[in-house]
Asks: 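Structure in structure tokens, see below.
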Amino acid sequence: MLWEELNWAEFEKIVPERRDTAILPVGTIEAHGVAPLGTDNLIPFEMARRMADELNAVVAPLVNYGITRTLLAYPGSLSVTADTFERYMTEIMLSIADCKFRKIIVLNGHGGHLEQFGRAAREVWQAKKIKVAVVHWWMCCDDIVERIYGRSGGHAATDENAAIQAIRPELIRRDLYSDDMVYNQPPGFTIYPNPGTILAYKENAGFLDFDQKKAETYFDAVIERVKTHILDIFKRWERLP
Ligand SMILES: [Zn+2]
């Protein structure tokens, strides 16, 4: 159920009686190895679309401009400043709350704006008493990459690349890939611009695997994991005013 495709009169009938949750997918535009610049947008949007019915949710329009940091030097990457992003996200969530939803799930696809969501979610909850959970999906799914691929992932690495391959395989530029593209930043370094766009956070990790079946298995398991956590949060929230 996509917000943008609903008519206002339909919306009035659906929210909040039949669907009391808004899922808000958020990402950014930045270089992602052999995956597209919009990787951080495509993943949370598809996850939202596939979870919406079971969560009794409406999928809010995607916010596809975020805070891009160390990868901004790579062609086609885009960013807004941190303050602008935080204010914009806060106002979007306040406005969603005014549409009578009882819960907001932010599905975040990008690591560059974690702090901003911490503050924005608290402000929206305090102002509107709407319950808000922000999910940085890849962080609760590390063990799934390990289980399926036998190694951990990273930015544009095994896991993120697999998610895009599951959603839009034709967008993966396998022909551009070699294992030496995977960069493992040494501990203690802060580097602008980042020397790589496929970033592993451990040694001997992150390498891409282009098996279509594994990619689909991985992404299905990720959706299942995130959905299970969210349903548990919903159940626990019921005890709260
Ligand atoms: Zn990404």
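Heavy-atom basis, side chains included; hydrogens, waters and symmetry copies ignored. Indexing begins at 1, ligand by ligand and atom by atom, following the structure's order.
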Asks: Mind checking what makes side chain to side chain donor-acceptor pair (under 3.5 Å) contact with Glu86, not counting sequence neighbours?
Replies: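 Glu86 satisfies side chain to side chain donor-acceptor pair (under 3.5 Å) with Arg119 once adjacent residues are dropped.
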Asks: Write the atom name of the N, O or S atom in Glu160 that is nearest the Zn ion (ligand 1).
Replies: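 Of all N, O or S atoms belonging to Glu160, OE2 is the one nearest the Zn ion (ligand 1).
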Asks: Show your working on side-chain contact (heavy atoms from CB on, under 4.5 Å) between Tyr88 and Thr90 and close with a plain yes or no.
Replies: CA-CA 5 Å; Tyr88 190 51; Thr90 305; over 6 Å; no
Asks: Can you name the N, O or S atom of Asp40 that is closest to the Zn ion (ligand 1)?
Replies: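 When I compare the N, O and S atoms of Asp40, OD1 is nearest to the Zn ion (ligand 1).
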Asks: Does any donor atom in the side chain of His32 or Asp40 lie under 3.5 Å from an acceptor atom in the other side chain?
Replies: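 His32 vs Asp40: donor-acceptor pair found between side chains.
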Asks: Just list the side-chain donor-acceptor pairs under 3.5 Å for residues 46-67, sequence neighbours left out, or say none.
Replies:
from, atom 1, to, atom 2, distance (Å)
Glu46, OE1, Arg49, NE, 3.0
Glu46, OE1, Arg49, NH2, 3.3
Glu46, OE2, Arg49, NH2, 3.0
Arg50, NH2, Asp220, OD1, 2.6
Asp53, OD1, Arg19, NH1, 3.1
Asp53, OD1, Arg19, NH2, 2.9
Glu54, OE1, Lys227, NZ, 3.3
Glu54, OE2, Lys227, NZ, 2.8

Asks: Do any N/O/S atoms of His155 come under 2.8 Å of the Zn ion (ligand 1)?
Replies: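 Not a single backbone or side-chain N, O or S atom of His155 is under 2.8 Å from the Zn ion (ligand 1).
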